[in-house]
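First up is the structure itself, then whatever we jot down about it.
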Amino acid sequence: MMKLWEFVNELKSPAYCWVDLTHELSPATPHWYGFGDLTTEVIYDFSPDCIFHSDKYVIPAGQFGTHVDAPGHFVQGARTLDQMTLKEMVYPLVVVDKSAACAANADYELTIADLQEWEQEHGTIPEGAFVAFRSDWSKRADMNNYDENNQPHYPGWKLDALHWLVEERRIGAIGHETADTDAPGANVNFAGEVYILETDRLQVELMTNLDALPPTGAIIFVTFPKVKNGVGFPARVFAVYLKE
């Protein structure tokens, strides 16, 4: 009867490490270049006439900061956040580190060969896994990385790599540190994002601290509000793994 409680106590023990994969939500939160900034306003504050504090937050879009995208974000009539199941909030986590390649090439795209190379070292990507693309892009002050023509440059997934993960490995979800699934320099018109959402899977964008995780062995929790008809919303995402 108490096994789950004992499991929670075990997870909270010093033997496990908990890693927050979420940017804090504030006016300085990194976001896709097409959106404005978050704004806040104090609507109640401590005073002789008020015993509490409360703020108003205006978020330019559901896809802001570290956020989850539901299939309905790009697929008309597809599932929305309120239709995602509770089991879709937890996955075994695979972290594919291509940070060195991304440092050398801002327009780097993760390939099937990268995934196969990862498997040669760490084993087959398990069915139902959340596959995170580590680029270390979240460490940059300028994540949009504009060129002299005001065009952004940052890494993304190759479309055929996403096909391979879904069709050959039957993964559960993907995530990345950048604001898009696709590298903007590839000029693919959101093809990767359209594809992953068309397969009725969620994705998480603008993750951080992936460098604090091992390639295998962690569990990721993707938590978000149950927004009726919502196609995206800021999320609190974290992972837990057993220390060696």
Side-chain angles (χ1 to χ4, degrees), residues 16-24 29-32 65-69 90-126 128-145 152-166 169 171-186 192-193 196 201-222 235-244:
Y16 288 84
C17 185
W18 292 60
V19 180
D20 194 346
L21 305 176
T22 315
H23 288 281
E24 65 179 15
T29 300
H31 54 274
W32 184 59
T66 305
H67 66 272
V68 61
D69 286 330
V90 59
Y91 305 85
L93 177 61
V94 163
V95 179
V96 180
D97 179 9
K98 299 304 296 182
S99 57
C102 294
N105 177 11
D107 298 308
Y108 189 83
E109 295 176 277
L110 190 148
T111 67
I112 294 175
D114 292 331
L115 297 169
Q116 292 174 334
E117 181 182 15
W118 185 96
E119 287 194 332
Q120 288 173 3
E121 183 175 357
H122 303 290
T124 302
I125 295 170
F130 184 110
V131 180
F133 173 10
R134 177 188 161 191
S135 60
D136 285 353
W137 212 251
S138 60
K139 298 178 179 297
R140 295 175 59 98
D142 175 19
M143 292 179 63
N144 289 321
N145 191 31
H153 292 268
Y154 46 80
W157 303 78
K158 276 280 193 184
L159 180 58
D160 60 356
L162 293 174
H163 276 270
W164 188 85
L165 285 171
V166 169
R169 294 297 178 262
I171 62 160
I174 66 164
H176 36 270
E177 296 176 65
T178 53
D180 275 323
T181 314
D182 305 277
E193 185 158 3
I196 201 70
R201 288 164 167 81
L202 62 76
Q203 69 166 9
V204 178
E205 298 189 303
L206 287 164
M207 302 176 74
T208 190
N209 296 328
L210 288 174
D211 60 315
L213 293 170
T216 65
I219 301 171
I220 188 170
F221 297 85
V222 181
R236 188 69 183 266
V237 183
F238 59 95
V240 183
Y241 70 91
L242 179 63
K243 298 177 183 176
E244 295 184 355

Exercise for the section: Verify, without hydrogens or angle tests, whether Asp182 (side chain) and Gly192 (backbone) share a donor-acceptor contact under 3.5 angstrom. Expected result: yes
Problem - Close side-chain approach of Lys98 and Pro155, heavy atoms under 4.5 Å - result: no
Completion exercise
From the list Asp136, Val204, Asn209, Leu206, side-chain contact (heavy atoms from CB on, under 4.5 Å) partner of Glu177 resolves to Asp136
Practice task
Using modelled atom types only, decide if a donor and an acceptor are shared between the side chain of Trp118 and the backbone of Val95 within a distance under 3.5 Å.
Solution key: yes
Handout entry: Check: Leu165 and Trp157 side chains under 4.5 Å, non-hydrogen atoms
Key = yes
Practice task
Answer yes or no: is there a side-chain heavy-atom contact under 4.5 Å between Tyr91 and Ile171?
Solution key: no
Problem - Donor-acceptor pair, side chain of His31 and main chain of Thr29, under 3.5 angstrom - result: yes
Exercise for the section: Kindly indicate whether the side chain of Phe133, heavy atoms from C-beta on, has any atom under 4.5 Å from the side chain of Thr178. Expected result: no
Exercise for the section: Would you mind checking if Asp211 and Lys139 are paired as a salt bridge, meaning a charged N to carboxylate O distance below 4.0 Å? Expected result: yes
Practice task
Examine distances only and state if a side-chain atom of Thr22 and a backbone atom of Val237 form a donor-acceptor pair shorter than 3.5 Å.
Solution key: yes
Practice task
Kindly indicate whether the side chain of His176, heavy atoms from C-beta on, has any atom under 4.5 Å from the side chain of Ser135.
Solution key: no
Exercise for the section: With sequence neighbours left out, write down each residue that passes side chain to side chain donor-acceptor pair (under 3.5 Å) with Gln203, or none if nothing qualifies. Expected result: Asp69, Thr181, Glu193, Glu205
Fill in the blank from the handout: Per side-chain contact (heavy atoms from CB on, under 4.5 Å), Leu93 is matched among Ile219, Leu213, Val19, Val240 by Leu213
Practice task
Might you point out which heavy atoms bring Tyr154 and Asn144 nearest each other, and give the distance in Å?
Solution key: CD2-O, 4.0 Å
Practice task
Check for a donor-acceptor pair, side chain of Asp142 on one end and backbone N or O of Asn145 on the other, with a separation under 3.5 Å.
Solution key: yes
Exercise for the section: Look up atom CG in Asp97 and atom CG in Asp114, then write down how far apart they are to the nearest 0.5 Å. Expected result: 10.5 Å
Problem - Test item: Thr66 and Leu21 side chains (from C-beta on) under 4.5 Å apart, heavy atoms - result: no
Handout entry: Closest approach of Phe130 to Ile174 (non-hydrogen atoms, all atoms of both residues)
Key = CZ-O, 3.3 Å
Exercise for the section: First locate atom NZ of Lys158, then atom CG of Leu115, and finally report the distance between them rounded to the nearest 0.5 Å. Expected result: 13.0 Å
Problem - Trp137 side-chain N/O to Met143 backbone N/O, donor-acceptor pair under 3.5 Å - result: yes
Handout entry: Expected output: side-chain Arg134 to main-chain Pro215 donor-acceptor under 3.5 Å
Key = no
Exercise for the section: Answer yes or no: is there a side-chain heavy-atom contact under 4.5 Å between Arg236 and Asp20? Expected result: yes
Handout entry: Sub-4.5 Å side-chain heavy-atom contact between Val94 and Pro126
Key = yes
